[in-house]
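The figures that follow rest on heavy atoms only: side chains count, while hydrogens, waters and symmetry mates do not.
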Amino acid sequence: MAETTTVENTATKTTAARSPGPRPRRRGKAGTTWPIHVVLVIAAVVMVVPFVWQILTLFKSTAEATRIPPTILPESFGLDAFATFFTTVPFWSMFAVSVGSLVLRVAGQLAVAALAGYAFARIPFRGRNLLFGLFIAMLMVPSQLFLIGQYELIRGLGMLDTLPALAVPGLFSAFGTFLMRQAFLTMPKDYEEAARLDGANAFQVFWYVMLPMARPMLAALAVLTGLYSWNDLLWPLIVSPSGENRPLPVGLAGLQGQFGTDYPTLMAGAFVCSIPLVIVFLLLQRQFFAGIASSGLKG
């Protein structure tokens, strides 16, 4: 009995000696990531400060906005800048032109880019890689070089001073084709093969199987295209010489005078014009980030 007790005590001591005991707590990664957080905070502040300055300026008077040294807070928060903006700029007519151009350009580019991207990703044909390389090469050419050719094309079609003239050049995009090709390349081929075994033709496979899975990328492309269309200034000035079909950016540019600028009115107009884009982005932000993450463009 004593021998048994001795053996048990010895085994207990051996186990206790081998046991490492409570492991020390590992330090979190906060000590190594704080410089990154500092840089991100500084970058966020740099991006937010101009927007805050815009909000403060639209409540100021013209004398306050041009005062040196500049004043940060307005002496009295007034809304005269909004009244001046809506009186000076034909807002609703330009807003309708901007929305119409945006809808036409986004819808057309989604259709063309989706079809072209699917063809480059899934349909083998002779010269596919060479043709896609030419598409990518177009991204390195400044868009201003195409203005003369595009203007001659629109004038030859008799479309000057019309709403479609604002959207037609934006229907075709090498960048949009690249994004959609990346989206279709990441999709497994099993779905495509299963649809073909069920008797679906090429267009049915694209429309009912592949395109629904590319909705995040379509949302991302829609946001990017809409942002470019909403802020486009140079092309509307060229194709609408009479000013009958000009979007909001042209109206904002008209607020900048040669000898002086009413900055509160300009900031009020910029704030009003940015609201629709903010709403669209908030509605599509989840699909936008999902599409960008799946495109291979993430850092």
Side-chain angles (χ1 to χ4, degrees), residues 97-187 202-203 206-207 210-211 214-240 245-247 249-250 277 280 284 287-288 291-292 294-297:
V97 172
S98 295
V99 172
S101 174
L102 184 147
V103 171
L104 290 176
R105 183 176 293 191
V106 170
Q109 188 167 146
L110 289 181
V112 174
L115 290 170
Y118 180 75
F120 281 122
R122 295 298 192 180
I123 301 177
F125 58 89
R126 183 176 298 178
R128 181 179 65 173
N129 294 332
L130 176 61
L131 184 59
F132 182 72
L134 295 177
F135 265 77
I136 297 301
M138 291 179 61
L139 296 175
M140 296 179 283
V141 180
S143 59
Q144 290 79 6
L145 295 180
F146 303 114
L147 288 178
I148 296 178
Q150 292 172 348
Y151 174 79
E152 293 295 333
L153 178 63
I154 296 299
R155 188 180 66 173
L157 295 174
M159 296 173 60
L160 291 178
D161 286 322
T162 61
L163 181 61
L166 301 176
V168 167
L171 300 182
F172 314 96
S173 170
F175 181 72
T177 302
F178 168 75
L179 286 182
M180 296 309 303
R181 176 181 177 271
Q182 293 299 111
F184 289 121
L185 282 177
T186 58
M187 298 178 186
F203 182 78
F206 164 75
W207 185 258
M210 307 301 289
L211 194 61
R215 280 182 293 184
M217 183 57 68
L218 290 173
L221 181 58
V223 171
L224 294 175
T225 305
L227 179 64
Y228 178 80
S229 175
W230 192 263
N231 294 326
D232 194 10
L233 173 63
L234 181 59
W235 179 247
L237 287 173
I238 294 176
V239 296
S240 297
N245 288 284
R246 287 185 173 181
V250 179
L277 285 182
V280 171
L284 299 177
Q287 293 84 353
F288 174 78
I292 293 298
S294 62
S295 66
L297 298 180

Within the 4.5 Å heavy-atom criterion, are [X] and [Y] side-chain neighbours or not?
X: L237; Y: R246; value: yes
X: W235; Y: P169; value: yes
X: I154; Y: I238; value: no
X: L157; Y: V168; value: no

Separation of [Y] [atom2] from [X] [atom1] (nearest 0.5 Å):
X: R122; Y: M210; atom1: CZ; atom2: CE; answer: 4.0 Å
X: I136; Y: L131; atom1: CD1; atom2: CG; answer: 10.5 Å
X: T177; Y: Q109; atom1: OG1; atom2: CD; answer: 7.5 Å
X: S173; Y: F178; atom1: OG; atom2: CZ; answer: 11.5 Å
X: L160; Y: T162; atom1: CG; atom2: OG1; answer: 7.5 Å

#### Entry: Residues which pass ring-ring contact (aromatic ring centres under 6.0 Å, His included) with F120, listed by chain and number, not counting sequence neighbours
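Counting only residues at least two positions away or on another chain, F120 forms a ring-ring contact (aromatic ring centres under 6.0 Å, His included) with F132, F135.
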### With sequence neighbours excluded, residues passing side-chain hydrogen bond (donor to acceptor under 3.5 Å, both in side chains) with R155
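Residues passing side-chain hydrogen bond (donor to acceptor under 3.5 Å, both in side chains) with R155: E152.
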#### Entry: For D161, all residues meeting side-chain hydrogen bond (donor to acceptor under 3.5 Å, both in side chains), sequence neighbours excluded
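D161 satisfies side-chain hydrogen bond (donor to acceptor under 3.5 Å, both in side chains) with S242 only.
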### Message
Determine whether S229 and V106 satisfy the following criterion, side chain to side chain contact (heavy atoms under 4.5 Å, CB included), listing intermediate values before the conclusion.
### Response
CA-CA 8 Å; S229 175; V106 170; 5.6 Å; no
### Task
Could you check L102, V250, L166 and say which one makes a side-chain contact (heavy atoms from CB on, under 4.5 Å) with V97?
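Exactly one pass, corresponding to L166.
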Between [X] and [Y], which heavy-atom pair has the shortest distance, and what is it?
X: A121; Y: R181; result: CB-O, 3.8 Å
X: L171; Y: G108; result: CD2-CA, 3.6 Å
X: M159; Y: P164; result: CE-CB, 3.6 Å
X: A222; Y: L110; result: N-CD2, 4.0 Å
X: G226; Y: L277; result: O-CD2, 4.2 Å
X: L139; Y: A174; result: CD2-CB, 3.9 Å

### Greater than 12 external heavy atoms within 6.0 Å of R215's CZ
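Check fails, neighbour count at 12 or below.
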### Query
Any chance CG of L145 has more than 12 other-residue heavy atoms, nucleotides or ligands included, within less than 6.0 Å?
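Check passes, neighbour count above 12.
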### Message
Between S98 and W230 (side chain of the first, backbone of the second, donor and acceptor by atom type, cut-off under 3.5 Å), is there such a pair?
### Response
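Looks like no, no N/O pair under 3.5 Å.
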### Query
For L211 and Y118, what are the C-alpha separation, side-chain angles and deciding distance, and is it a side chain to side chain contact (heavy atoms under 4.5 Å, CB included)?
CA-CA 9 Å; L211 194 61; Y118 180 75; over 6 Å; no
### Task
Report the relative orientation of the aromatic rings in F206 and F203; use parallel for angles under 30°, tilted for 30 to 60°, perpendicular for over 60°.
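Correct class here is tilted.
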